[in-house]
Amino acid sequence: MLAVIAIIVGLAGLLVGAAAGLFARRKSVGTSLQQAEEQASRTLAEAESRRKELLLEAKEENLSLRNSLEAEIRERRNEVSRVEQRLTQKEENLDRKTEALDRRDVGLREREAQIDAVRAEAESLRQRQLAEFERVSSLTASEAREQLLAQVEVEIRDEASRRVREVEREVEATAAMRARKILATAIQRYTSEVTAETTVSVVPIPSEEMKGRIIGREGRNIRAIEAATGVDLIIDDTPDAVTVSAFDPVRREIARVALSSLVQDGRIHPTRIEEAVNKARREVESTMQDAAEAAAVEAGVLNLHPEVLKVFGRLRYRTSYGQNVMRHSIETGHIAAMIAREIGADVEVARAGGFLHDLGKAVDHEVEGTHARIGAEIARRFRVKEAVAHCIEAHHEEVEPSTPEAIVVMMADAISGGRPGARRESLETYIRRLETLESIAREFKGVDSAFAIQAGREIRIIVKPEQVDDLQAMRIARDVSQKIEETMEYPGQIKVTVVRETRATEYAR
């Protein structure tokens, strides 16, 4: 029974607690609802206030936009009004110009009518004058025209000849002045010895008894020397000396060195001769190689193929009219470089072309052909620049020069070979050259006489004035100079002067 009561009491307590909790929960929910309603009321009030503010801002912005659009519309209307006004003015101007052009057109038509009338009157007058001219001169119009044209042709030809002479004189004066300046600058900057060099081919001997040793028993020593060197020894012509004779300058130098060594040693027999010649050959080849390398450095031409330098070294013992060809090549390279720099050409090509222009002279006695073509072939074989090879083959105009550098090399070669003291020639060659000059000039029609003067550097040609006029005299001068260039070899340049003179002589008795 007590347990039941306890359970009932417990249940009643639970019910009371649940009722109290429910009441507290309901009260709490009521408070939350009230707060939520208040918060919702405040939010609605703020939203309404914000809506009114937005509406007000929208109205103000709409009003501002409307005002700006109305102002723009007014501006556009004003602009349209101004454009319409300008178009109206232009239309009025066009109307006035059209009226002026119409009046001018009418005036031009009237002027044309007047001109046509005057032209017709002038033609009528010309016909009357022509008829009167034919009646007076007894010539038809075509005959008179032919005579007038012939007279005008003669006058024009004379005037053209005079103008041509004036232009030629002006060009020659300007070109000569410019050329003299360039050449003088180049020559002034390069100064070298002017004494002509010669190749020594005489070996002195201490006594006449040494000649017998050189000849040897039954001439075996001299035959051995000549066979080993390829030269001829002349023993009896000069006392206390032996002359070495050979066309090849390198062979001549080898023989000279070997013979000098044998004379100094005193032991002369075939075995010793062979040893001396081999040693001399090695010495000369070494000398040529060193000379070629030193010449290339002096001329400023580097990076040449060793075989090109080997061939070039043979020019150490080669002379041309008494001028050492290696020194001449160095000098030509320097002068060509300075001239090229003055005129704006390729300096390095001109320098190398001038330095190698006589390369073919080293072997021209062994290979068939001119030294210019041989030198160009050697240069191309060992990969020298084509521009440089062209300078080599064109420096005597055997090939037409096609580059400024080739012409510069020709000029530098002429300067180096033609300067005073550079070259010399024998009396027989000198006389033959003068006779050839005079004979070339006398071949031309109308030439009365020709004289080579100034050591062959100028030729004076006297022509017959009744057969040769001034223009023909100029042509003769050009033709003679061209033929001299084609048929002769000479140092420097040759001046051709044609003299045409008419004399009238009378006697008072």
Side-chain angles (χ1 to χ4, degrees), residues 178-179 182-183 185-187 189-190 192 292-293 295-316 318 320-321 323-364 367 369-419 422-423 485-486 489-493:
R178 175 64 176 162
I182 293 175
L183 297 182
T185 302
I187 295 173
R189 290 177 58 190
Y190 184 80
S192 66
E293 293 175 358
V297 172
E298 182 178 352
V301 181
L302 306 178
N303 300 324
L304 290 176
H305 195 280
E307 290 298 324
V308 175
L309 288 177
K310 183 177 179 180
V311 176
F312 185 83
R314 304 181 70 174
L315 298 179
R316 171 66 181 82
R318 180 74 155 82
S320 177
Y321 294 98
Q323 185 182 32
N324 183 271
V325 178
M326 182 174 286
R327 297 304 310 171
H328 165 64
S329 299
I330 297 172
E331 183 175 315
T332 302
H334 283 301
I335 295 174
M338 288 184 283
I339 294 176
R341 187 174 291 108
E342 289 289 333
I343 67 175
D346 192 320
V347 176
E348 297 307 319
V349 170
R351 187 193 304 276
F355 180 69
L356 298 175
H357 77 284
D358 276 343
L359 181 65
K361 285 187 176 181
V363 293
D364 61 350
V367 182
T370 62
H371 73 273
R373 292 184 180 272
I374 295 171
E377 182 180 350
I378 294 173
R380 291 190 176 101
R381 186 186 308 161
F382 296 109
R383 300 188 298 276
V384 176
K385 289 182 180 180
E386 178 59 30
V388 177
H390 176 67
C391 293
I392 297 173
E393 68 182 356
H395 78 275
H396 281 314
E397 293 189 282
E398 296 169 4
V399 175
E400 186 70 21
S402 59
T403 62
E405 292 77 18
I407 298 175
V408 167
V409 170
M410 291 169 53
M411 296 168 58
D413 180 32
I415 292 171
S416 176
R419 60 180 173 82
R423 295 184 175 182
E485 292 175 356
E486 294 174 352
E489 291 186 3
Y490 49 89
Q493 64 180 11

Undergrad: If you take all heavy atoms of Val363 and Ile378, which pair is closest and at what distance?
TA: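 Of all heavy-atom pairs spanning Val363 and Ile378, the closest is CG2-CD1, 3.8 Å.
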Undergrad: Closest approach of Ala350 and Val409, non-hydrogen atoms and distance?
TA: O-CG2, 3.8 Å
Undergrad: Might you point out which heavy atoms bring Ala389 and Ala379 nearest each other, and give the distance in Å?
TA: CB-CB, 4.4 Å
Undergrad: Do Thr403 and Asp346 pass the side-chain contact (heavy atoms from CB on, under 4.5 Å) test, and can you show the C-alpha distance, the side-chain angles, and the key distance before you say yes or no?
TA: CA-CA 10 Å; Thr403 62; Asp346 192 320; over 6 Å; no
Undergrad: Any chance you could measure Phe355, atom CZ, to Ile330, atom CD1, to the nearest 0.5 Å?
TA: 6.0 Å
Undergrad: Name the one of His357, His395, Lys361 that satisfies side-chain hydrogen bond (donor to acceptor under 3.5 Å, both in side chains) with His371?
TA: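 Result: among His357, His395, Lys361, His395 is the only option passing the side-chain hydrogen bond (donor to acceptor under 3.5 Å, both in side chains) with His371.
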Undergrad: For the CG atom of Leu309 and the CG atom of Leu356, what is their distance to the nearest 0.5 Å?
TA: 8.5 Å
Undergrad: Kindly determine whether Arg383 and Glu307 satisfy salt bridge (charged side-chain N to carboxylate O under 4.0 Å, His left out), including the steps that lead there.
TA: CA-CA 11 Å; Arg383 300 188 298 276; Glu307 290 298 324; over 6 Å; no
Undergrad: Mind checking whether His396 and Met410 have side chains closer than 4.5 Å, heavy atoms only?
TA: no
Undergrad: With the side chain counted from C-beta on, respond yes when Met338 and Glu342 share a heavy-atom pair under 4.5 Å apart, and no when they do not.
TA: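 No, their side chains stay 4.5 Å or more apart.
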Undergrad: Test salt bridge (charged side-chain N to carboxylate O under 4.0 Å, His left out) on Glu393 and Arg380 and set out the steps.
TA: CA-CA 11 Å; Glu393 68 182 356; Arg380 291 190 176 101; 2.9 Å; yes
Undergrad: Which pair of non-hydrogen atoms, one from Pro401 and one from Ile407, has the smallest distance, and what is that distance?
TA: CB-CG1, 4.1 Å
Undergrad: Looking at CZ of Arg327 and OG1 of Thr332, how far apart are the two atoms once the value is rounded to the nearest 0.5 Å?
TA: 11.0 Å
Undergrad: So, for Val408 and Ala340, which heavy atoms are closest and what is the spacing to 0.1 Å?
TA: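 For Val408 versus Ala340, the nearest heavy atoms are CG1-N, 4.1 Å.
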Undergrad: If you look at every heavy atom in Ala372 and Glu398, which pair is closest and at what distance?
TA: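 Where Ala372 meets Glu398 most closely, the heavy atoms are CB-OE1, 3.7 Å.
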Undergrad: Would you say Asn324 and Arg316 make side-chain contact, with heavy atoms under 4.5 Å?
TA: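 Asn324 vs Arg316: side chains touch.
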Undergrad: Indicate yes or no: at least one non-hydrogen side-chain atom of His328 is less than 4.5 angstrom from one of Leu315.
TA: no
Undergrad: Run the side-chain contact (heavy atoms from CB on, under 4.5 Å) check on Ile415 and Glu331 step by step: do they pass?
TA: CA-CA 9 Å; Ile415 292 171; Glu331 183 175 315; 5.9 Å; no
Undergrad: Donor-acceptor pair, distance only, cut-off 3.5 Å: does the side chain of His390 make one with the backbone of Ser402?
TA: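 Yes, because the side chain of His390 sits within donor-acceptor range (under 3.5 Å) of the backbone of Ser402.
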Undergrad: Taking the side chain as every heavy atom from C-beta outward, state whether Met411 and Ile335 have any atom pair closer than 4.5 Å.
TA: no
Undergrad: Mind checking the CG-CG spacing from Asp413 to Asp358? Nearest 0.5 Å is all I need.
TA: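 Answer for the CG-CG pair, Asp413 versus Asp358, is 6.0 Å.
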Undergrad: Hey, what do you get for CG (Leu304) to NZ (Lys310), rounding to the nearest 0.5 Å?
TA: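 Here the interatomic distance stands at 15.5 Å.
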Undergrad: Measuring from Met326:CE to Arg318:CZ, what's the distance to the nearest 0.5 Å?
TA: 12.5 Å
